[in-house]
K.L.:
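One structure is given below, represented as structure tokens, and several questions about it will come after.
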There are 6 protein chains.
Amino acid sequence: MTVVRPSGRAPDQLREVRIERHFTRHAEGSVLVSFGHTRVLCTASVDNKAPPFLRGKGEGWVTAEYGMLPRSTHTRSDREAARGKQGGRTLEIQRLIGRALRACVDRSALGERTIVLDCDVLQADGGTRTAAITGAYVALVDAVRWLLARREISRDPVFGAVAAVSVGVYQGVPVLDLDYAEDSACDTDMNVVMNDGGGFIELQGTAEGHAFRRAELDSLLALAQKGIGDLLALQQAALARP
Amino acid sequence: MTVVRPSGRAPDQLREVRIERHFTRHAEGSVLVSFGHTRVLCTASVDNKAPPFLRGKGEGWVTAEYGMLPRSTHTRSDREAARGKQGGRTLEIQRLIGRALRACVDRSALGERTIVLDCDVLQADGGTRTAAITGAYVALVDAVRWLLARREISRDPVFGAVAAVSVGVYQGVPVLDLDYAEDSACDTDMNVVMNDGGGFIELQGTAEGHAFRRAELDSLLALAQKGIGDLLALQQAALARP
Amino acid sequence: MTVVRPSGRAPDQLREVRIERHFTRHAEGSVLVSFGHTRVLCTASVDNKAPPFLRGKGEGWVTAEYGMLPRSTHTRSDREAARGKQGGRTLEIQRLIGRALRACVDRSALGERTIVLDCDVLQADGGTRTAAITGAYVALVDAVRWLLARREISRDPVFGAVAAVSVGVYQGVPVLDLDYAEDSACDTDMNVVMNDGGGFIELQGTAEGHAFRRAELDSLLALAQKGIGDLLALQQAALARP
Amino acid sequence: MTVVRPSGRAPDQLREVRIERHFTRHAEGSVLVSFGHTRVLCTASVDNKAPPFLRGKGEGWVTAEYGMLPRSTHTRSDREAARGKQGGRTLEIQRLIGRALRACVDRSALGERTIVLDCDVLQADGGTRTAAITGAYVALVDAVRWLLARREISRDPVFGAVAAVSVGVYQGVPVLDLDYAEDSACDTDMNVVMNDGGGFIELQGTAEGHAFRRAELDSLLALAQKGIGDLLALQQAALARP
Amino acid sequence: MTVVRPSGRAPDQLREVRIERHFTRHAEGSVLVSFGHTRVLCTASVDNKAPPFLRGKGEGWVTAEYGMLPRSTHTRSDREAARGKQGGRTLEIQRLIGRALRACVDRSALGERTIVLDCDVLQADGGTRTAAITGAYVALVDAVRWLLARREISRDPVFGAVAAVSVGVYQGVPVLDLDYAEDSACDTDMNVVMNDGGGFIELQGTAEGHAFRRAELDSLLALAQKGIGDLLALQQAALARP
Amino acid sequence: MTVVRPSGRAPDQLREVRIERHFTRHAEGSVLVSFGHTRVLCTASVDNKAPPFLRGKGEGWVTAEYGMLPRSTHTRSDREAARGKQGGRTLEIQRLIGRALRACVDRSALGERTIVLDCDVLQADGGTRTAAITGAYVALVDAVRWLLARREISRDPVFGAVAAVSVGVYQGVPVLDLDYAEDSACDTDMNVVMNDGGGFIELQGTAEGHAFRRAELDSLLALAQKGIGDLLALQQAALARP
């Protein structure tokens, strides 16, 4: 079965992915990641104390916050700061980003420090959470390199790498890395986070139209695995640049 | 490989599940569901208007709210009403319950009505969200029967059935329906929502310790499928009682 | 003068009162109290520190929180956690419960501990605050027994007993323990909290229709005294069970 | 038994009460009421629409809001607007003021209007809620006179009069109109609202030290009745001035 | 060019200004300041600790809070405590008052103390922020005198004096100290804070209608300088009274 | 007198200013403005309805919201959405931006529409509010051009142009366009908004160290006038590009 994706991509083709380090100057890590038109600014900020629930335990923490600029979307959304609270979707996404990144950090090696990953969407076109995880990993590594360079820590607390991508069934065909046009017309949507050892860290699948079958699930997982392989390579290439 | 579960259950064995209908008298549907020591009161309330974003479209809506009584847990948690906001976990769970139940409702047949599913945890021992989905389905059916009996609607908007269970890898072995002792010691934890046609509605897997491999995922999905089959039968048995 | 109460009760007759201890398993005290169809889950949670304003004074504190499940009422009420604040009625009631129970506690004997009484209404049919006080007393005693059994305290801090009931003028006749049908049709409504020494702890009377006269007040107080005597006996009977 | 009150007053003696009408110029009614050093500014504001729950029913509403200036008290309290919410005590008091004043208003004669009574404490020395009720009555009458003078209503919706006073047991002796020194040292404290027909509108008694007996209650009620008689006369005298 | 001001004042004429010290009894400084019908109660409260960001630095702090009673205005405004937050205008004004008063305080001489200036508008008729600054200065001096009298500080931390006035272009003519009628009809509006050395502390000009030219600005500044001279003299006269 | 600015600039020299239009794709106007290292993303969003207070009056509205990304600053600031409210500084700045831009808009020609200007600081190095106003003007013009191109409006509602710059006294010397190093070491700081007719729209001067004299004020205004002239030219150049 064949389908024409709105973007003309092949079913297993990522959008153009760009990872731009040092996008802003104050943060210890600062990455502008683009998955096609989706652009997310990911900064990693080092705070030299652990959160209250870890004080005195010799361990650090990695946490994330997520936001969308009000007009990052097709129609303007309310500013969460003005509404006075973060919505359920925002909280859900930032909890996901935090869990995903903690999966590649040895918190003892980090020591009593917190690294906050702020992922702010400048422009949204589907897949903001997967772009955020993929970019935040690079910002995290830059922040850790900064700590190592200043000899604040002696051992690299980051082991392996983590990236994320969405997959879904669009017009009956499993496709990789949904953009907004596909996402809003899609029956099934899954976000997959994996590490560079081929292990799954998070799997979040939702049937919005009809429930999905085991066979569809298998195809989606294979697509995700392929896409994440590509993303892990792009992360390493970016980190190899000065 | 073999493991002794804290409860002494077999790896593919559910806890004792009870579904008690008509637990309270005001709600159109009211179910106390127990998965072992986990007890959740699920009520379905009919409101004769659609939410603002659906007004005038001839469609209804099903939504859910979730809460834990402060001392439903081992140590007392803050009351969310007193703290002035619902936490991220709460919002995440109630969004999940709503999506899961909407997956078996024909919203045109419901007409411009809202059914609110309130899932309040009286006692928590792991798996509150899967118990909530499983119980809320029964409360929803009771509310719909009430509408049909009063001839407010002419066609049953509920198609099929929906149930949920958790699965996880405990001490290296995939097990079904985690209780709190297992959940807190578990490497991987997955919540699965399925319908009675064997389709997946939601899949949320999280590796808390080590990332999980495809083979583990396959075992977990098989366990979930088995457990959900049992739960669907228990729902039907409960609904067959007067 | 004679009146037929909606429930068919005599003017000085309580509803059927049940006091079920150990209703849930985590709390140090857990009581499901029913005044007819009104059902309130009262838990007592021990926290091994005093509130900030008492730190270092060698005294403990007893406080209460109150909530209604959204569909405990005839029509669904908004969830206070979702609205982002507790309403005035809720705050008023939980302040009342706290004051009432502190009236039978020697806070020095309790030591630097806090006992939180959570009173959550599962089903409402009038008189939730008086049921809550009556049930919370039993939960409090159970929590104190738990502390004594573990030898965390050496002296029983609870002296005497406390119970509460509502009285009102319904169709011109003073009646005891109003249910919802009476409460909403009632001219005058009074909540009375007394101890087992016959002393008044709280008296809150409100004329919703016509102002009440001294003679009516006297009749209402006599009814309350009678009803509280019955409730104090029921509490002791419940506490005498294993 | 005899006691020396901190102020040197006789047990049944009110503080000096002053009722100053037209204290500010914008409000339809504006009264500065003083019970000794307690000074409360009570304004009555007419809004030409009923609250949402009464729209189209031909009836009006009277409601109250209460606040304390941060330094009306001995030590500065937090500003509720800065803290982001009104405390339980504030909500409890403003609900009481509203109920008390509605007890003398024929809401049909008022028509679809709302009168808001703002009671702001400029200086606190005990008894702010009873001073507020007593002063708000005068502001309410002034606002109603304003409506009558402009012929917006044809019939006076205020029937009778309402005033309030506190009573308590101070060093074993029942005394009238507690000031702060007495209030903070007092075993039992009761706020009484009555109308000019001798009927009780609200009765709120709290035993802070030992529980009070029927005989004490009777003495307190007699004192309150006496004090409210004096206050009703002072209200009429103030309203008789131009 | 000539203009008739609604109040009949000359263009460079202040309204009648009154500064009434010791208006309330609990605060260390308490001033009721009137600029015509604008009346603001300014209290200065001494707190014997510095704010968190200054702890241990040997310096104190002066801060301000501002509020309007709901019916201080022509039509009733919502109570900010009930709405659950202070509006932007309120925050802007209280930040201005704080900065203005800190400009005449040697914070080392104050020691680790905080003086909170609460400025609450009892009646508004334009110029509430300038009246607040002018009155708060007097309350501040009274609080400092109290500290000196009790020998809690040895050196007067207040140097010089600070006052404020508004100026604006009304019907083409620059005028001093706008009242509400002028303010709402005014093209340009400027608030000026100066000290007794003739220096500017704050300048906030806004063109609401047409943008203002340098020449207009010069006239406005001259008017403000004249008015502030008068206000500084009135402050000193008030402070010279016992 | 001569001074070496941290950046090496001449006293009357702006930082390098860049105005990049069409920075994001969804907004009707989208401008990334840079004043040196200060970078603010300004989007203009058209909403086809007027705010409630203008409904039915045939007029439109222009309003602004302002935010800083948490790590736009040297050390990370709390996310306002997570804290649950916008701070006083934020509200003050967004009110200023809104007033400034409304000064060049004929709201009748705009019709019943709202244009929201979102100014989000990606990187802060002093002068974010002046950069925001200068950039928002360009975004506003782009949004209006979009409306004109689609013939939704027939007449250009923007008259003239508006730009803003800061000036201050740094080490005794008046300088233009303060960066963060200067701003934090500066005695006096003034933000000036002017139009292309040479008129003042806003003037906000604050003496943080010593009060400033008339002569200093005159120098600062001259500097601002010069700088704004440069900025207005840069805006026109940017708008002349396709």
Side-chain angles (χ1 to χ4, degrees), chain D residues 22-32 34 36-48 63-87 89-91 94 114-125 136 139 143 180, chain E residues 22-32 34 36-48 63-87 89-91 94 114-125 136 139 143 180:
Chain D
H22 314 305
F23 184 73
T24 55
R25 57 193 286 126
H26 300 311
E28 285 74 36
S30 173
V31 168
L32 182 69
S34 312
H37 292 309
T38 289
R39 289 155 71 187
V40 185
L41 175 52
C42 307
T43 59
S45 297
V46 175
D47 184 4
N48 279 318
T63 187
E65 289 189 4
Y66 171 91
M68 299 183 90
L69 294 195
R71 195 55 196 278
S72 59
T73 42
H74 285 76
T75 56
R76 188 176 182 274
S77 316
D78 285 345
R79 185 177 290 267
E80 291 187 323
R83 286 180 48 222
K85 63 175 178 179
Q86 294 178 293
R89 178 183 171 277
T90 294
L91 292 172
Q94 68 190 20
T114 303
I115 298 185
V116 183
L117 301 164
D118 285 290
C119 300
D120 285 276
V121 178
L122 304 189
Q123 191 169 274
D125 187 37
Y180 179 79
Chain E
H22 314 305
F23 184 73
T24 55
R25 58 192 287 125
H26 300 312
E28 286 73 37
S30 173
V31 168
L32 181 70
S34 311
H37 293 309
T38 290
R39 288 156 71 187
V40 185
L41 174 52
C42 308
T43 59
S45 298
V46 175
D47 184 3
N48 278 318
T63 187
E65 291 190 4
Y66 171 92
M68 300 183 88
L69 295 195
R71 195 54 195 281
S72 58
T73 43
H74 284 75
T75 56
R76 188 177 182 275
S77 316
D78 285 345
R79 186 177 290 266
E80 290 188 322
R83 286 181 49 223
K85 63 174 176 179
Q86 296 178 292
R89 178 183 170 275
T90 295
L91 292 172
Q94 70 190 19
T114 303
I115 298 184
V116 183
L117 302 164
D118 285 291
C119 299
D120 285 277
V121 178
L122 304 189
Q123 190 169 276
D125 188 36
Y180 180 77

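Labels below follow one simple rule: chain letters A, B, ... track the order of the sequence lines, proteins then strands, and each chain is numbered from 1.
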K.L.:
A quick test of your reading: do over 12 heavy atoms of other residues, nucleotides or ligands sit less than 6.0 Å from CZ of E:R89?
P.N.:
yes
K.L.:
Just wondering, more than 12 heavy atoms not from D:H37 lying within 6.0 Å of its NE2?
P.N.:
no
K.L.:
Which of the residues D:S45, D:G84, D:A44, D:G67 is involved in the greatest number of heavy-atom pairs with chain E at under 4.5 angstrom?
P.N.:
D:S45
K.L.:
Can you name the closest pair of heavy atoms from D:R71 and E:T43 and give their distance?
P.N.:
CB-OG1, 3.6 Å
K.L.:
For E:E80, which residues count as a salt bridge (charged side-chain N to carboxylate O under 4.0 Å, His left out) partner, sequence neighbours excluded?
P.N.:
none
K.L.:
Non-hydrogen atoms of chain E under 4.5 Å away: do they reach the side chain of D:T73, the backbone, both or neither?
P.N.:
backbone
K.L.:
Under 4.5 Å from any heavy atom of chain E, what part of D:L122 do you find: side chain, backbone, both or neither?
P.N.:
both
K.L.:
Checking heavy atoms, do the side chain of E:S72, its backbone, both or neither come under 4.5 Å from chain D?
P.N.:
backbone
K.L.:
Under a 4.5 Å heavy-atom cutoff, which of D:Q94, D:K85, D:Q123 has the most pairs with chain E?
P.N.:
D:Q123
K.L.:
Provide the closest heavy-atom pair for E:A81 versus D:Q86 in the form atom of the first, atom of the second, distance.
P.N.:
O-CG, 3.5 Å
K.L.:
Before giving the answer on side-chain contact (heavy atoms from CB on, under 4.5 Å), spell out for E:L69 and D:L69 the whole-Å C-alpha distance, their side-chain angles and the decisive distance to 0.1 Å.
P.N.:
CA-CA 9 Å; E:L69 295 195; D:L69 294 195; 4.0 Å; yes
K.L.:
Tell me, for E:T90 versus chain D, whether the close heavy atoms (under 4.5 Å) come from the side chain, the backbone, both or neither.
P.N.:
neither
K.L.:
Go through the structure and list residues passing salt bridge (charged side-chain N to carboxylate O under 4.0 Å, His left out) with E:D118, not counting sequence neighbours.
P.N.:
D:R76, D:R79
K.L.:
In terms of heavy-atom proximity below 4.5 Å to chain D, should E:R83 be classed as side chain, backbone, both, or neither?
P.N.:
neither
